[in-house]
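Here is the structure we will look at, set down as structure tokens.
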Number of protein chains: 2
Amino acid sequence: MTYCVGLLLNDGMVLLSDTRTNAGLDNISTYKKMFTFEEAGERVITIMTAGSLSVTQTTIAQLHEAMDDPEANAETSIMQAPTMLKVAEIIGRTLCNVRQDIDMKMQAAKVSTSASMIVAGQRKGGGMRMFLIYPEGNFIEATADTPFLQIGEHKYGKPILDRVVRPETTLVDARKAVLLSMDSTLRSNLSVGMPLDMAIIRDGSLTIEESRIEANDPEFTKMSEAWSNALREGFTKIEI
Amino acid sequence: MTYCVGLLLNDGMVLLSDTRTNAGLDNISTYKKMFTFEEAGERVITIMTAGSLSVTQTTIAQLHEAMDDPEANAETSIMQAPTMLKVAEIIGRTLCNVRQDIDMKMQAAKVSTSASMIVAGQRKGGGMRMFLIYPEGNFIEATADTPFLQIGEHKYGKPILDRVVRPETTLVDARKAVLLSMDSTLRSNLSVGMPLDMAIIRDGSLTIEESRIEANDPEFTKMSEAWSNALREGFTKIEI
């Protein structure tokens with residue numbers, strides 16, 4: 001499995017993904033699930049992926065190929081599309097085609113493939129937008145009422161987001177919220193694993209601040225312990 | 001869906017279930033999912049159910065019928081079975097038979113039914129035991145290493161249990177833990193709903209303390225708010 005979460009806030013967008021991929025329990029690998037596309041000052045796009053690795057890798061590869069094609073245009077390249085909605089449409093179409101193609105090959109094995117993506121981006125002069133793209137290529141968009149999107153193993157990490165994330169949440173708090181959400185998921189589900197990839201896109205900056213959090217990151221470990229202690233203390237204090 | 005959780009602790013067993021049943025989103029009802037069988041001083045058994053209501057109701061009805069049968073014996077009646085293991089076997093066999101029978105009727109509709117149960121009990125002279133019974137009738141047992149079992153919508157409420165439940169947890173803390181675990185589930189999943197049914201079986205008491213927590217229970221509401229506040233405060237205090 002996978003856990004990816006994206007927040008769309010007034011100040012910017014915060015994205016976090018794990019890196020564990022597994023085919024069965026005894027075949028575990030580390031793959032980056034966050035992909036950034038940046039033309040500084042013009043356009044930034046971050047894609048996070050969940051699901052069948054063969055589907056997501058091929059989709060990302062085809063998006064790159066379409067961008068690099070000499071005949072690339074606003075209909076085919078996510079770096080030329082006129083709006084973020086168009087970007088989501090191109091990604092959705094590519095994902096759907098790849099999935100159908102691989103599904104057809106898998107039919108004999110009676111296995112079906114699936115994958116979903118979170119796409120976040122902004123282009124010069126436009127607002128920040130974030131989409132969750134389903135395996136069929138259709139998508140939904142984050143709004144002020146629902147300022148976060150999740151793919152993969154999303155349940156363990158949802159209660160903390162439900163409680164603290166609002167559009168006016170600061171980017172510092174947002175970073176903390178997604179890390180704690182990931183921490184709960186890491187603890188309860190073996191198929192989600194370190195290291196983590198984080199991207200922050202400040203509104204209007206048109207740049208992506210990327211960072212990787214390694215397995216023994218002292219700051220993350222400290223935060224994880226502090227959160228465990230806070231939960232236990234809170235638990236002790238409640239009278240019933 | 002459903003959420004049921006059972007803790008097996010040194011001091012006793014604590015069980016909690018919700019009561020929401022739904023067939024689609026616009027057909028929501030309240031059904032008790034906790035069933036108690038008690039011969040005070042001799043034997044206590046509590047069963048919690050998740051899954052297809054037609055399967056669980058028929059299974060419980062058949063268990064009752066088998067108990068009340070004039071020819072009931074140690075092989076057929078959970079109130080006469082010589083050990084809790086035998087009790088789990090009888091329940092598992094009944095569940096499996098009912099499910100297979102209903103599944104056969106449903107084949108034309110290409111729908112398959114499923115249900116699982118948590119069984120907790122003690123008989124005079126025996127230890128407390130708790131089992132999770134799968135739709136196929138096989139089961140696993142709670143142990144000191146894994147002192148809790150969950151069925152239904154279990155993910156939202158697992159992080160708090162992972163963090164605070166140990167075999168030496170007191171019954172007071174255990175009660176708080178299952179209520180907070182349920183609170184997180186109620187908040188994040190619409191298909192789990194109040195009122196709640198709770199049962200406490202103190203080790204060696206051979207009685208079941210049952211209680212129902214209604215939708216506007218002031219104590220539960222207060223605890224839920226206190227927990228939200230504790231989470232938010234803990235969140236605020238963490239520095240990163």
Side-chain angles (χ1 to χ4, degrees), chain A residues 1 3 14 148 150 152-166 169-190 192 198 211 213 217-240, chain B residues 1 3 14 148 150 152-166 169-190 192 198 211 213 217-240:
Chain A
M1 276 292 265
Y3 180 46
V14 176
F148 62 88
Q150 304 171 289
E153 188 55 65
H154 63 282
K155 294 187 180 183
Y156 300 110
K158 189 160 179 281
I160 179 71
L161 301 177
D162 279 337
R163 282 190 167 94
V164 305
V165 177
R166 305 283 175 272
T169 301
T170 64
L171 293 183
V172 171
D173 275 358
R175 190 165 169 272
K176 195 156 74 172
V178 294
L179 287 171
L180 292 177
S181 174
M182 181 63 81
D183 183 54
S184 293
T185 313
L186 289 166
R187 263 183 179 258
S188 294
N189 191 298
L190 270 185
V192 176
M198 183 175 274
S211 56
I213 297 157
D217 183 87
E219 193 198 29
F220 185 74
T221 309
K222 204 179 128 198
M223 186 212 66
S224 172
E225 282 166 13
W227 182 236
S228 273
N229 291 337
L231 286 181
R232 273 192 288 262
E233 266 173 46
F235 180 81
T236 309
K237 271 191 218 149
I238 288 175
E239 287 172 24
I240 187 158
Chain B
M1 276 291 264
Y3 179 47
V14 176
F148 63 87
Q150 304 170 290
E153 187 56 63
H154 63 281
K155 294 187 180 184
Y156 299 111
K158 189 161 179 281
I160 178 70
L161 301 177
D162 279 337
R163 281 189 167 95
V164 305
V165 177
R166 305 285 173 269
T169 301
T170 64
L171 293 183
V172 171
D173 276 357
R175 191 165 169 270
K176 195 157 72 171
V178 295
L179 287 171
L180 292 176
S181 174
M182 180 64 80
D183 182 54
S184 293
T185 313
L186 289 166
R187 265 184 178 257
S188 294
N189 191 297
L190 271 186
V192 176
M198 182 175 276
S211 55
I213 297 157
D217 183 87
E219 193 199 28
F220 185 74
T221 310
K222 204 180 129 198
M223 187 212 66
S224 172
E225 281 165 13
W227 182 237
S228 274
N229 291 338
L231 287 181
R232 272 192 288 263
E233 264 173 47
F235 179 82
T236 310
K237 271 191 217 150
I238 287 174
E239 287 172 24
I240 188 160

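Computed from a predicted model, the values in this text were never measured in an experiment.
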Open item on the list: Let's test your reading of the structure: which of A:Arg175, A:Met223, A:Glu233, A:Glu219 forms the most heavy-atom pairs below 4.5 Å with chain B?
Closed with: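 With the most close heavy-atom pairs to chain B, the winner is A:Glu219.
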Open item on the list: Can you tell me how far apart OG (A:Ser228) and CZ (B:Arg163) are? Round to the nearest 0.5 Å.
Closed with: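 Rounded to the nearest 0.5 Å, the OG-CZ separation comes to 4.0 Å.
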Task: Residues A:Glu153, B:Lys155: salt bridge by 4.0 Å N-O rule - done: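 Yes, charged N to carboxylate O under 4.0 Å.
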TODO: Identify the two heavy atoms, one from B:Trp227 and one from A:Phe235, that lie closest to each other, and give their separation to 0.1 Å.
DONE: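 For B:Trp227 versus A:Phe235, the nearest heavy atoms are CZ3-N, 3.7 Å.
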- [ ] Flag the one option from B:Val172, B:Asp173, B:Asp162 with the top tally of heavy-atom pairs under 4.5 Å to chain A.
- [x]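 Top count of heavy-atom pairs under 4.5 Å with chain A: B:Asp173.
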Open item on the list: Counting heavy-atom pairs closer than 4.5 Å to chain A, which one of B:Lys222, B:Arg187, B:Arg232 comes out on top?
Closed with: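 The residue among B:Lys222, B:Arg187, B:Arg232 with the greatest pair count is B:Arg187.
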Open item on the list: Does A:Leu231 form a side chain to side chain contact (heavy atoms under 4.5 Å, CB included) with B:Leu231? I'd like the steps, not just the answer.
Closed with: CA-CA 7 Å; A:Leu231 286 181; B:Leu231 287 181; 3.1 Å; yes
- [ ] Select one option (side chain, backbone, both, neither) describing which atoms of A:Ile238 are under 4.5 Å from chain B's heavy atoms.
- [x]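 For A:Ile238, the contact with chain B is made by backbone and side chain together.
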TODO: Sort A:Thr185 into side chain, backbone, both or neither according to what part of it lies under 4.5 angstrom from a heavy atom of chain B.
DONE: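 For A:Thr185, neither part sits under 4.5 Å from chain B.
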Does [X] reach the main-chain N or O of [Y] with its side chain, forming a donor-acceptor pair under 3.5 Å?
X	Y	value
B:Lys237	A:Ala230	no
B:Lys176	A:Glu239	no
A:Lys158	B:Tyr156	no

